[in-house]
Amino acid sequence: MSYASKTCHYSCQILLLITLMSLPLPALSEDKQLNNEPQMLQTEISDRDLKIIEQLVAIAQRQSSQVREAKAAMGWRAFTDVLSIEFSPSQTTTNYNLPEISSESERSFGMALTFDPIKLLNIIQELPLREARWQEAKQQKRLAVLQSYLAYLQAQQATKIAVYKMQQLAIAGTKTERIASLNPQVTVTHQVSLANHDYVAAATEMLNTNARERLALEELAACVGLSSQATMTILKASDLNNQ
């Protein structure tokens, strides 16, 4: 190797060292935090989840048409056929046979009340059944909200796992590029590439988990009877209250 080539090689190494020394420290600390302090995953239903479920169930039962109809069947609506009221207009004409007044008309309204004791007894006997239907409708709505919330919880955690895998790929790519900059003989692996099977699998999984989380949120909102924005506001408010 000539003197000029050696001088150029040493100069390139010095420039690479200066470049590495000028890397921002916050980026290195973030990599360390991702490696040593990963986000904790949920392993059981917490008290916070139970509080959110109770809040969503209460809203869903108020919004549910099935629950409201079952409750109304126990109220005054059940007794509408027991008592009936009929209004009948009438007009009476009186003839006086007098020169000054030949006749006089008078309008009036009649009201008739009809009470059916047999229907009343039948309704009283059906009240326990109607109350049972109301409780059943409430329990069905509660179960639907519980299933939707747990599905959203699982989808949310799957998204966290997919995000963590993508972060690990980014960290591995950064380390590979740093080693390659120190040693020119190391081949740099481009992480963001369709040729990288690990990246393709991680990106596909992250897209699928994000789609499932969004769909689970929409299903939960539809089950509760609110918009997705209103449902997310309730979830975020619960997070703030537990901090």
Side-chain angles (χ1 to χ4, degrees), residues 41-89 109-162 207-243:
L41 298 178
Q42 187 170 349
T43 57
E44 61 183 6
I45 306 302
S46 63
D47 293 337
R48 166 189 169 274
D49 294 321
L50 296 177
K51 292 179 181 179
I52 295 177
I53 290 172
E54 292 299 331
Q55 185 177 2
L56 295 178
V57 166
I59 298 174
Q61 290 178 349
R62 290 197 303 267
Q63 298 284 92
S64 174
S65 59
Q66 292 84 359
V67 175
R68 294 167 63 182
E69 288 178 357
K71 184 179 180 180
M74 300 186 307
W76 290 106
R77 184 187 299 180
F79 300 92
T80 54
D81 294 336
V82 175
L83 182 65
S84 60
I85 304 176
E86 295 182 1
F87 293 94
S88 57
F109 289 91
M111 183 177 65
L113 298 177
T114 304
F115 176 75
D116 192 339
I118 303 300
K119 290 184 178 180
L120 177 61
L121 292 176
N122 292 334
I123 291 174
I124 293 176
Q125 292 177 353
E126 290 179 358
L127 283 179
L129 178 60
R130 298 191 181 194
E131 184 177 0
R133 290 175 180 172
W134 176 48
Q135 295 297 334
E136 182 180 357
K138 291 171 61 178
Q139 290 298 328
Q140 289 178 351
K141 178 56 67 174
R142 178 183 182 85
L143 179 60
V145 172
L146 179 61
Q147 291 175 341
S148 299
Y149 179 80
L150 294 181
Y152 171 73
L153 197 65
Q154 293 171 343
Q156 189 180 42
Q157 180 149 302
T159 302
K160 293 179 181 179
I161 296 174
L207 177 60
N208 292 337
T209 54
N210 274 282
R212 287 196 297 268
E213 182 180 355
R214 182 64 188 183
L215 181 60
L217 176 62
E218 294 292 340
E219 290 178 350
L220 176 61
C223 182
V224 175
L226 299 175
S227 64
S228 57
Q229 292 82 0
T231 304
M232 183 58 66
T233 300
I234 295 176
L235 299 177
K236 289 183 178 180
S238 300
D239 290 334
L240 295 176
N241 295 332
N242 284 272
Q243 288 180 354

Say you draw a straight line from [atom1] of [X] to [atom2] of [Y]; how long is it, rounded to the nearest 0.5 Å?
| X | Y | atom1 | atom2 | answer |
| --- | --- | --- | --- | --- |
| Gln61 | Lys71 | CD | NZ | 10.0 Å |
| Leu235 | Ser228 | CG | OG | 11.0 Å |
| Gln63 | Arg68 | CD | CZ | 7.5 Å |
| Leu146 | Leu220 | CG | CG | 10.5 Å |
| Ile53 | Arg48 | CD1 | CZ | 10.0 Å |
| Ile52 | Tyr149 | CD1 | OH | 3.5 Å |

Under 3.5 Å, sequence neighbours excluded: what are the donor-acceptor pairs made by side chains of residues 126-133?
| residue | atom | partner | partner atom | Å |
| --- | --- | --- | --- | --- |
| Glu126 | OE1 | Arg130 | NH2 | 3.1 |
| Arg130 | NH1 | Ala73 | O | 2.7 |

Pair Leu226-Ile234, side-chain contact (heavy atoms from CB on, under 4.5 Å): steps then yes or no:
CA-CA 10 Å; Leu226 299 175; Ile234 295 176; 3.8 Å; yes
If you look at every heavy atom in [X] and [Y], which pair is closest and at what distance?
| X | Y | value |
| --- | --- | --- |
| Glu44 | Asp49 | O-OD2, 4.3 Å |
| Leu153 | Ile45 | CD2-CD1, 4.0 Å |
| Cys223 | Ala60 | O-CB, 3.9 Å |

My understanding is that only residues two or more places apart in sequence, or in another chain, count here; which of them pass side chain to side chain donor-acceptor pair (under 3.5 Å) with [X]?
| X | value |
| --- | --- |
| Arg214 | Glu218 |
| Gln66 | Ser64 |
| Asn122 | none |

Can you list every pair that meets salt bridge (charged side-chain N to carboxylate O under 4.0 Å, His left out) and has a residue in residues 135-151, with sequence neighbours left out?
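Every pair satisfying salt bridge (charged side-chain N to carboxylate O under 4.0 Å, His left out) with a residue in residues 135-151: Glu54-Arg142.
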Going by the rule side-chain contact (heavy atoms from CB on, under 4.5 Å), which residues pair with Thr159 if we only count those two or more places apart in sequence or in a different chain?
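Thr159: side-chain contact (heavy atoms from CB on, under 4.5 Å) contacts with Val163, Thr209, Asn210, Glu213.
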